[in-house]
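What follows is a short report on a single structure.
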Number of protein chains: 2
Amino acid sequence: MREAVTLSDVAREAGVSPSTVSRVINGTARVAASKREAVLRAIERLHYRPNILAKGLAQGRSLTIGVITQEISSPYYGEMLKGVEQALEGTTYHPIFASGHWRVDQEEAALKVLVSRQVDGLIVMDGSVPEERLQELAHTMPVVVVGRKIPGLQCLGIDNRQGAYEGVQHLIELGHRRIAHIAGPTSHPDAIERLEGYRAALEDAHIPFDPALVVVGDYMEQSGLLAVEALLARGALFTAIFAANDQMAYGANVALYRRGIRVPHDVSLVGFDDLPSSSYFTPPLTTVRQPGPAMGWEAARLILALLEGRDYTPKPLSTQLVVRESTALIRSSGALAAHLLT
Amino acid sequence: MREAVTLSDVAREAGVSPSTVSRVINGTARVAASKREAVLRAIERLHYRPNILAKGLAQGRSLTIGVITQEISSPYYGEMLKGVEQALEGTTYHPIFASGHWRVDQEEAALKVLVSRQVDGLIVMDGSVPEERLQELAHTMPVVVVGRKIPGLQCLGIDNRQGAYEGVQHLIELGHRRIAHIAGPTSHPDAIERLEGYRAALEDAHIPFDPALVVVGDYMEQSGLLAVEALLARGALFTAIFAANDQMAYGANVALYRRGIRVPHDVSLVGFDDLPSSSYFTPPLTTVRQPGPAMGWEAARLILALLEGRDYTPKPLSTQLVVRESTALIRSSGALAAHLLT
DNA sequence: CGGATGCTTGACAGCGCTTTCAAAATCTGG
DNA sequence: CCAGATTTTGAAAGCGCTGTCAAGCATCCG
């Protein structure tokens with residue numbers, strides 16, 4: 001393990017004081033051309049790399065942005081993290097991630113880790129730590145919240161209700177009237193909003209809401225599969241499904257496939273999120289796009305602005321219906337019960 | 001922005017010296033029970049959280065493990081990162097990620113960022129920074145490489161050749177003889193090994209290798225789609241496809257779907273990786289599982305051991321054929337040309 | 001040509017913590 | 001009860017860097 005080259009090594013090599021080296025590195029003050037040259041050459045010669053930690057300690061900041069996600073391997077968070085990473089690229093800041101696994105205690109632990117590591121700002125994606133906890137943290141550092149609405153904090157998010165509304169409306173326009181909904185966990189505000197959007201779209205089309213057509217899932221593929229099986233088992237009649245996220249739509253699709261029910265021939269399917277894999281799904285999934293990378297990007301830019309005391313108005317984040325091949329015009333009404341016979 | 005509580009604040013509050021506080025926090029030396037009590041109470045009262053950065057600076061380490069991936073949002077790397085995260089949980093170390101985007105220059109930049117941030121150890125996943133560069137880095141800190149074989153370094157990886165062999169063998173056992181291969185980029189050693197496994201399996205079954213049945217992709221979905229179109233366009237005859245990874249298999253599946261070629265009825269499809277979404281694919285994808293989380297986990301444990309000067313022999317990482325519903329016995333030979341007419 | 005003005009530069013303290021070293025406190029046993 | 005061994009404790013230096021401050025220098029103008 002080789003000894004690290006420090007700033008004073010460079011100073012000695014260049015025949016100047018450490019302060020001067022610091023100045024040429026950071027451009028904090030003007031330095032005579034000749035000395036600057038000498039310093040740069042010394043840096044080159046010694047392969048000097050500044051120690052960001054020491055810099056951070058001296059400046060009272062870490063040049064690090066903490067990001068709390070729920071599950072780093074989830075494609076949904078992956079997209080947002082990518083956006084954060086991109087936004088921070090080229091700045092002196094770097095993200096550091098910690099996962100809450102949808103559990104308050106783990107989220108709290110993740111928060112503690114990030115605080116101990118002196119993050120300069122915090123991006124919180126979803127989760128369920130108490131509002132007060134985040135508000136309290138916001139006294140210490142800039143905090144931006146994605147996917148939750150917390151009074152007094154900078155919040156970023158999409159209009160879930162509107163997105164769901166459009167997804168369902170699309171099905172209605174295709175002639176569907178018996179539309180099942182695989183909802184997200186009732187503990188998630190976004191799941192509730194999507195359910196509201198679903199109901200609103202039905203209502204506006206004068207289609208009565210049928211509770212038997214709604215099954216609650218947990219946003220994971222498996223629960224989508226189970227939901228369809230439950231629907232089928234209880235003899236529910238439907239010609240379309242609106243899933244509260246793509247992953248549950250994937251699961252639903254498998255369940256339908258196993259029963260020989262074809263998408264979109266027999267049943268139309270709409271998801272929510274537009275994960276990267278959804279366009280390569282078979283059939284390519286019609287879904288309500290949520291701009292994952294943009295959400296991460298805006299959150300990061302906002303933190304950066306907050307950190308520099310600048311003003312920044314994040315671009316509005318809107319959902320967009322992406323029509324692919326998992327939805328089709330309803331067939332003759334006879335089809336409606338067809339799969340019940342299966 | 002509130003002032004942070006420091007160790008000396010605690011010391012003052014508890015009426016002891018900073019050294020003593022440090023000692024009770026780290027358990028580095030025995031402290032009289034009464035003083036320990038006082039310190040703990042003070043910590044409690046002041047809500048003190050140690051500053052890991054300062055600790056790191058003082059100890060000459062950062063308690064941080066750098067991880068270079070190619071793309072953080074890729075499901076493949078996501079799985080490995082999850083493993084790393086889990087392995088580090090409960091230790092004093094925390095991972096910090098940087099992405100190379102499959103470009104040497106960006107990878108080098110990522111490396112520089114991590115080095116500047118004084119990571120104590122480095123996990124490199126794939127990529128193409130020169131071997132010498134990594135060997136040089138290994139003089140400075142422990143390095144473990146996943147998915148590449150670099151002389152002198154700790155390397156972790158699966159037997160790509162064997163994995164591919166088993167995937168192709170499975171198809172052969174189902175009666176397929178004209179098996180197309182969507183290969184990975186020729187610059188990736190693992191892609192080459194998988195191609196070799198493909199050829200070896202054919203050879204062992206006395207099936208002549210037909211270069212016209214091989215198309216090179218780039219591991220992304222789109223290239224799988226394009227590959228199948230190319231195959232079809234050039235009139236290639238095949239009843240099965242072995243894709244060098246799941247993502248390209250997804251793309252291939254869409255291309256087949258668009259042409260009305262059914263999987264597995266008309267063409268069987270095998271992937272490689274077993275991404276989480278593959279079991280919810282339609283049809284659920286037969287694939288060669290690569291133990292993503294385990295790879296990340298072992299890499300992290302190995303680094304940890306290296307850091308502590310312990311010995312650690314990583315568990316062997318092996319691939320496993322997962323047979324799902326995208327492969328089937330070959331149909332009558334007449335089917336072979338069927339989709340050519342499409 | 002001398003004093004005033006404006007730049008460039010180095011010394012030094014300090015960021016929050018660890019760790020060595022030696023002094024202070026406590027404990028032995030003769 | 002005291003010398004000596006042992007343990008507990010605090011003072012102080014230092015990790016690599018920044019940033020203030022004042023000294024050093026060149027330049028300018030009357």
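Naming convention: chains lettered A, B, ... in sequence-line order (proteins, then strands); numbering from 1 in each chain.
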Can you check the B/I25 CD1 to C/dC17 C1' distance for me, whole Å? 9 Å

Run the numbers on A/S22 and A/S19 for side chain to side chain donor-acceptor pair (under 3.5 Å), then give the verdict. CA-CA 5 Å; A/S22 170; A/S19 329; over 6 Å; no

Give a yes-or-no answer on whether the side chains of B/D273 and B/Y219 include a donor-acceptor pair shorter than 3.5 Å. no

Work out which heavy atom in A/P95 is nearest to a heavy atom in A/V84; give both atom names and the distance. CB-CG1, 4.1 Å

Output yes when a side-chain donor or acceptor of A/E79 lies under 3.5 Å from a complementary backbone atom of B/S73, and no otherwise. no

Pairs: protein N or O with nucleotides 22-26 of chain D N or O, under 3.5 Å:
none

Is it the case that the base of C/dG10 and the side chain of A/R23 share a donor-acceptor contact (distance under 3.5 Å, atom types as modelled)? yes

Could you note down all residue pairs passing side-chain hydrogen bond (donor to acceptor under 3.5 Å, both in side chains) where residues 111-133 of chain A supplies at least one of them, sequence neighbours left out? A/S62-A/D120, A/Y77-A/D126, A/E108-A/R133, A/S116-B/R49, A/R117-B/T64

Rounded to whole angstrom units, what separation is found between the NZ atom of B/K55 and the C1' atom of C/dC15? 17 Å

Look at the side-chain N and O atoms of B/N26 and state whether any lies under 4.0 Å from the OP1 or OP2 oxygen of C/dT18. yes

In whole Å, I'd like the distance from the CG atom of A/L7 to the P atom of C/dA11. 14 Å

B/L63 CG to C/dG16 P, straight-line distance once rounded to whole Å: 18 Å

Rounded to whole Å, the CG-P distance (A/L53 to C/dC17) equals 14 Å

Verify the neighbour count for atom CZ of B/R45: are there more than 12 heavy atoms of other residues, nucleotides or ligands below 6.0 Å? yes

Whole angstrom value for the distance that separates P of D/dC15 from CG of A/N51: 12 Å

Side-chain donor-acceptor pair under 3.5 Å between B/H101 and B/E71, yes or no? yes

Rounded to the nearest Å, what distance is computed from the CG atom of residue B/L57 to the C1' atom of nucleotide D/dC17? 8 Å

Let me know the distance between CZ of A/R49 and P of D/dC17, rounded to the nearest Å. 12 Å

List the residues meeting side-chain hydrogen bond (donor to acceptor under 3.5 Å, both in side chains) with B/R41, not counting sequence neighbours, and say none if there are none. none

Residue pairs meeting salt bridge (charged side-chain N to carboxylate O under 4.0 Å, His left out), one or both in residues 305-318 of chain A, sequence neighbours left out, come to A/E298-A/K315, A/E308-A/R310

Measure the CE-CD1 distance between A/M141 and A/I303 for me, rounded to the nearest 0.5 Å. 9.0 Å

Can you list, by residue number, the residues of residues 31-47 of chain A that have a non-hydrogen atom closer than 4.0 angstrom to DNA chain D? none

Residues in residues 9-20 of chain B with a heavy atom under 4.0 Å of DNA chain D, by number, are B/V16, B/S17, B/S19, B/T20

side-chain N/O A/Q59 vs D/dG19 OP1/OP2, d < 4.0 Å: yes

Return no unless some side-chain N or O of B/S22 is found under 4.0 Å from OP1 or OP2 of C/dT18. yes

For B/A58 and for B/A29, find the nucleotide of DNA chain D with the closest heavy atom, then tell me which residue's nucleotide is more 5'. B/A29

Counting N and O atoms only, with roles assigned by atom type, does the side chain of B/Q70 sit under 3.5 Å from a partner on the main chain of B/M125, one being a donor and the other an acceptor? yes

Does any N or O in the side chain of A/D218 come within less than 3.5 Å of the main-chain N or O of A/M220, such that one atom is a donor and the other an acceptor? yes

